[in-house]
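Report on the following structure.
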Amino acid sequence: MNEAIGIRDVSKVFGQGDTTFTAVARVNISIRENEFFTLLGPSGCGKTTLLRMIAGFEFPTDGEILLHGENIADMPPFRRPINTVFQNYALFPHMTVADNIGFGLRMLGKSKAEVSERVIEMLRLVKMEPMAGRRTSEISGGQQQRVALARALAPQPKVLLLDEPLSALDYKLRKEMQLELKRMQHETGITFIFVTHDQEEALTMSDRIAVMSKGQVLQVGSPRDIYDAPADRFVAEFIGETNFLTGRVRKIAEETAEVMLEGGAAISATAAGVGVGDDVTIVVRPEHAEVVAVPATGSAVTKGTLENVVYFGTDTHFHVRLPDGSVFVTRQQNRPRLSSEFAVGSEVSIAVAADAARILRAGA
Amino acid sequence: MSQSAIRADYRRTLTRRWLLSSPALLIVLLAATGPLLVVLLYSFLKAGPYGGVLPEFSPEAWIGVVMQRGLFDDTLSIADAHLAIFWRSIRLSLETTLLTLIFGFPTAYFIATRPPNTRELWLFLITIPFWTNLLIRTFAILQIIRNDGTINTVLLKLGLIGEPIRMLYTDGAILAGMVYVYLPLMVLPLYASMEKLDFRIVEAGYDLYATPFRVLRLVIIPLVKPGIVAGCILVFIPSLGAYVTPNVLGGGKNLMIGNLIELQFGQGRNWPLGSALSISLMAVVMAALIVYVRNADKTGGHHG
Amino acid sequence: MAKPFSVKRQRGFTAMAIACFAALYLPIFVLVIFAFNSASSLSHFEGVSLRWFHEAAQNKQVVDATLRSFHVASVAAVIATLVATMAALATTRTRPYPGLTFKYALLNAPLMIPEIVTAVALLIVFSQVKGWIGYTGIGYLIAAHTAFCVPFAYLPIRARLENMDLTLETAAADLYATRWNTFRYVTLPLLWPGILAGLMLSFVISLDDVVITEFVKSAGQDTLPTYMLGQLRRSITPEVNAISVVLLLFSVLVVTLFFFASKRRN
């Protein structure tokens, strides 16, 4: 597939002299055409700075930004066929909804007829036809969101940038807009680059995700890759809840390693680049483990004291204190008439589903 | 973009910003602040016989600010008249500030505690006098306190006095006039800080057994202190340099610094002395402003 | 019976406030009443008439002074607002740069200097300049008024700019607007209320000025306030009241316009 946006060795350093801050450090990403690509990371990780460099509001200190192979790193924003949906929408308060949507086309010098035709088309796309003449202060947050989207899509950009556009909406509306955005990306066939700190949002919407921390890209991959095979401890912790177990590799057979845990039990985990005798960290997602009664059955790997049982409606979380002092969390789906048979304070075993444990890359 | 390109871009931006602001800066420099340097220069020159100056250095004007020479010999003595005027100006300005604060505080509080729909109206009522010509307001006071003015007429009609009370051309008249014309200047900044007052904090004060007076003293006043300081400065500075109000209500006799300065450029024909007095006035005003800025920094630091 | 407790109530404050409002408006009220006096007394009201308004309108000095006042105020306000707008654009929404503090200080300086000091300084400088170049026209008055109007125009415009959302201009640039188009279609329309406020403020300030005008004007260059000051020093007739009422009405009109304009926007 063709590359829409190429980011090559891009760095951004703010400040001068002694007080510099590296917001983005030698980042390389290749974003494909017609892809829903997400930059995910905690606040301050550099994802917004990277987005602003693609838009043209910041210029990289170093490196190249390619749009279909052409370096646009020094091009001012008003010459780039790239549009942005801003976090606070940035709708022009002195213009109507329709004038906001038509603004980009007017600036491109399109004829009045062409502008109004396209505005109507966009209003239809975002289901806002009756609101065309309203002022932007007279419409709701969700509607403002749609107008911002329509305004950015109206000039038919090659790439659409979305800077945490859903963060100001309430939970229900956010869920709705997530599906809506996905639909629009399909309908328009435009490359979407989406910035968020919400891992759930990233997982549900994206074709691929880049996880960022401290100005660096830690992992790029499909949501499933990233959830199931986190590249390092940060990714594993940032995306979903995770249990970490430490141990030593005892033997390796094909893709599977047998690891002696510190508590004495053995666990088999998928191996990647480790050798016999290595000290490793193993990742187990809470939903892949289960609290079982002592004495343990064959799949049980470790024992501990049940400290807390938290009821969540759809499922129940069990917090188990392991002998090394850490807490292991399991998540079990609630079924009818299944009551917790374990009392808080009792001794329990933890069973891990087959193939669910993963060894983090060595050194991570 | 390379580092040098970024630096060149920054320089271009700076040049553009200087060009854009230069007309305003130039106008203020030429027709407001720049001439002050000439005043400073004039204060060190010799007075011309018919006004103006002679191009000769002379410290005479500065000596004249606080000292006077005898009429027949050259003996120096303290210039009682000048010092009395300085003292009167400062005293009247402080009294004006204090009185406007005493009257203005409840007024601002009253406006700030109105329900939002009528608050605008009260604010409007205080804004009208603020934007009304100072001369008109002084004239309005003049009509009230003249010998045959409203107050005397009413008192005479009621038989409370046998003959008109002489109020015009006294220090009291100047004080009343200045309090009247500068009251809105006190109320507006007070209101601005009271409007932001969070009454949940006041509620907390009452909840913790404070009486209304203690809430006022220990909660409200400390919270609106920036407004109090701003109001006091806004009243004190123009009071000190007041010219119109003492001129109209004080007659020729009860002078303030402003009138004394004017006198040197009119009948007195002593431009260097007038210049030296102007610089002295500036110095007092600057001192007051420095006190204000120090205070603003301190209170700003507490909240920010 | 005691009033029910209110968090906002302070004993005596309301009475004091009402007294203050009364004291503010009573003298103005008396002034307005006597403008309609048919006699020439300022203490005895003898009947309602428009006599003094007529006399003022017939008085060539008053008419000339009025026209001059409006002439000076409109030219000074327009120039001051124009240069203040440019200055505000150059001094807001930027990281501190060398000279920025100096600009702030200089632009606000006319507010800090006592009027009488500025007046004296201008008298000295302008009398020199008059001697050198021979021009004694109204330009000096306009220059002086423009200078002290600059901060009054600058402050509301700067406040407006600082509260303006920077991302709006970013959004315009993102939507293909060049620097000029961004200014024309986004910045200027959003700044407009601030510019209007600055214009009105400086117009009223110029119209009200007494002290600086009194010192700067050449012979025969009275504005309405300096004409009135001259009258106050002589025997006063209700003509001054009549002029005051007209000026007062004008101020009220401007403030009301301003008040409702800003209210509508909120």
Side-chain angles (χ1 to χ4, degrees), chain B residues 14 17 20-21 23-25 27-29 31-33 35-36 38-39 42 103 106-107 109-110 113 120 124-125 127-129 131-136 139-144 148-150 153 183 199 202-203 206 212 216 237 240-241 243-244 248 258 261-262 265 271 274 278 281-282 285 289, chain C residues 7-11 13-14 16-17 20-21 24 27-28 30-31 34 42-43 83-84 86-87 89-91 97 99 103 106-107 109-110 112-118 120-125 143-144 146-148 150 154 204 208 210-211 225 228-229 232 240 244 247-248 251-252 255 259 263:
Chain B
L14 267 194
R17 283 180 179 273
L20 259 180
S21 47
L25 296 173
I27 288 173
V28 172
L29 203 61
T33 54
L36 293 183
V38 183
V39 175
Y42 268 41
F103 295 132
T107 309
Y109 188 84
F110 172 79
T113 52
E120 298 265 333
F124 180 63
L125 284 178
T127 320
I128 289 279
W131 288 115
T132 303
N133 197 317
L134 181 121
L135 191 62
I136 294 179
F139 175 49
I141 282 288
L142 174 71
Q143 282 203 332
I144 298 281
D148 53 353
T150 315
T153 311
L183 185 61
F199 272 92
V202 176
E203 281 175 1
Y206 282 117
L216 178 68
I237 288 180
L240 201 60
Y243 167 76
V244 172
V248 172
I261 292 172
E262 190 252 3
F265 288 88
W271 287 28
S278 300
L281 174 59
M282 275 290 294
V285 167
L289 275 175
Chain C
V7 173
K8 296 186 171 180
R9 206 173 98 82
Q10 285 287 337
R11 187 183 297 274
F13 272 29
T14 301
M16 180 78 103
C20 277
F21 278 107
L24 276 177
I28 295 177
V30 171
L31 181 144
F34 278 94
L42 285 176
S43 29
V83 298
M86 288 158 57
L89 285 168
T91 52
Y97 60 87
K103 287 182 187 178
L106 190 57
L107 289 172
M112 315 287 174
I113 308 166
E115 236 190 322
I116 185 78
V117 176
T118 311
V120 161
L122 288 176
L123 170 72
I124 291 175
V125 171
T146 306
F148 69 70
V150 163
Y154 174 73
V204 173
D208 282 357
V210 188
V211 180
M228 285 170 60
L229 184 65
L232 289 190
V240 182
S244 301
L247 264 182
L248 195 67
S251 293
V252 171
V255 177
F259 182 77
K263 201 175 167 176

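- Note: B:Phe110 CZ to C:Lys8 NZ = 12.5 Å, rounded to the nearest 0.5 Å.
- Comparing C:Thr118, C:Val204, C:Val30 by how many heavy-atom pairs each has under 4.5 Å with chain B, the most go to C:Val30.
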side-chain contact (heavy atoms from CB on, under 4.5 Å) evaluation trace for C:Thr91 with B:Leu20: CA-CA 9 Å; C:Thr91 52; B:Leu20 259 180; over 6 Å; no

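- When all heavy atoms are compared, the tightest approach of B:Ala32 to C:Ile113 is O-CD1, 4.4 Å.
- Counting heavy atoms from C-beta outward, B:Ile136 and C:Asp208 have side chains that stay 4.5 Å or more apart.
- Contact annotation: the side chain of B:Tyr243 never approaches that of C:Val210 to less than 4.5 Å [non-hydrogen atoms, C-beta and beyond].
- In this structure, chain C has a heavy atom under 4.5 Å from the side chain of B:Leu183, while its backbone stays farther away.
- You'll find the side chain of C:Val211 stays beyond 4.5 Å of the side chain of B:Glu262, heavy atoms only.
- Nearest heavy atoms, B:Gly241 versus C:Ile116: O-CG2, 3.7 Å.
- Residue B:Leu14 touches chain C through its side chain alone, counting heavy-atom pairs closer than 4.5 Å.
- For B:Leu25, the parts lying under 4.5 angstrom from a heavy atom of chain C are both the backbone and the side chain.
- Interface residue C:Val150: only side-chain heavy atoms are found under 4.5 Å from chain B.
- The contact between B:Thr113 and chain C is made by backbone and side chain atoms together, counting heavy-atom distances below 4.5 Å.
- Looking at C:Val252, the atoms closer than 4.5 Å to chain B (heavy atoms on both sides) sit in the backbone and in the side chain alike.
- In terms of heavy atoms, B:Ala31 sits closest to C:Ala143 at CB-O, 3.7 Å.
- Annotation: the span from B:Tyr109 atom OH to C:Gln10 atom CD amounts to 5.0 Å, rounded to 0.5 Å.
- Between chain B and the options C:Ala121, C:Ser251, C:Ala144, the largest number of non-hydrogen pairs under 4.5 Å is found for C:Ala121.
- Summarising the geometry of B:Asn133 relative to C:Pro225, their closest heavy-atom pair is ND2-CG, 3.8 Å, with the distance given to 0.1 Å.
- Interface summary for chain B: among C:Lys103, C:Met16, C:Arg11, the most heavy-atom pairs under 4.5 angstrom belong to C:Lys103.
- Contact count against chain B (heavy-atom pairs under 4.5 Å) is highest for C:Pro27 among C:Pro114, C:Ala87, C:Pro27, C:Ala147.
- The two atoms that bring B:Thr33 and C:Ala109 nearest to each other are CG2-CB, 3.4 Å, heavy atoms only.
- The choice from C:Phe34, C:Phe21, C:Phe148, C:Tyr154 that makes the most heavy-atom pairs within less than 4.5 Å of chain B is C:Phe21.
- Residues C:Val117 and B:Ser278 share a closest heavy-atom pair of CG2-O, 3.8 Å.
- Expressed to the nearest 0.5 Å, how far CD1 of B:Ile128 lies from CG of C:Leu24 amounts to 11.5 Å.
- Proximity of C:Met112 to B:Val285: side-chain heavy atoms (C-beta onward) are nowhere separated by under 4.5 Å.
- Proximity to chain B (any heavy atom under 4.5 Å) is restricted, for C:Leu232, to the side chain, taken from C-beta onward.
- No side-chain heavy atom of B:Tyr42 sits less than 4.5 Å from a side-chain heavy atom of C:Val120.
- Interface remark: C:Val255 contributes backbone and side-chain atoms alike to the contact with chain B (heavy atom separation under 4.5 Å).
- Only the side chain of B:Gln143 comes within contact range of chain C, with at least one heavy atom under 4.5 Å from a heavy atom of that chain.
- Comparing B:Val244, B:Leu216, B:Leu134 by heavy-atom pairs within less than 4.5 Å of chain C, the highest count is held by B:Leu216.
- For a residue to count as touching a neighbouring chain, one of its non-hydrogen atoms must lie under 4.5 Å from one of that chain's; by this rule B:Thr132 touches chain C with backbone and side chain alike.
- In this structure, CZ on B:Arg17 lies 13.5 Å from CE on C:Met86, to the nearest 0.5 angstrom.
- For chain C, the nearby parts of B:Phe199 are the backbone and the side chain; heavy atoms of each come within less than 4.5 Å.
- When the candidates C:Leu247, C:Leu89, C:Thr14, C:Leu106 are compared by the number of heavy-atom contacts under 4.5 Å with chain B, C:Leu106 comes out ahead.
- For B:Phe103, the parts sitting under 4.5 Å from any heavy atom of chain C are the backbone and the side chain alike.
- When heavy atoms are compared at a cutoff of 4.5 Å, B:Ile261 approaches chain C solely by way of its side chain, counted from C-beta outward.
- The part of B:Ile144 that comes within reach of chain C is its side chain, from C-beta onward, which places non-hydrogen atoms under 4.5 angstrom from that chain.
- With a threshold of 4.5 angstrom between heavy atoms, B:Ile237 approaches chain C through side-chain atoms but not through N, CA, C or O.
- For the set B:Leu29, B:Leu142, B:Leu125, the count of heavy-atom pairs under 4.5 angstrom toward chain C peaks at B:Leu125.
- Proximity to chain C (any heavy atom under 4.5 Å) is shown, for B:Leu240, by neither the backbone nor the side chain.
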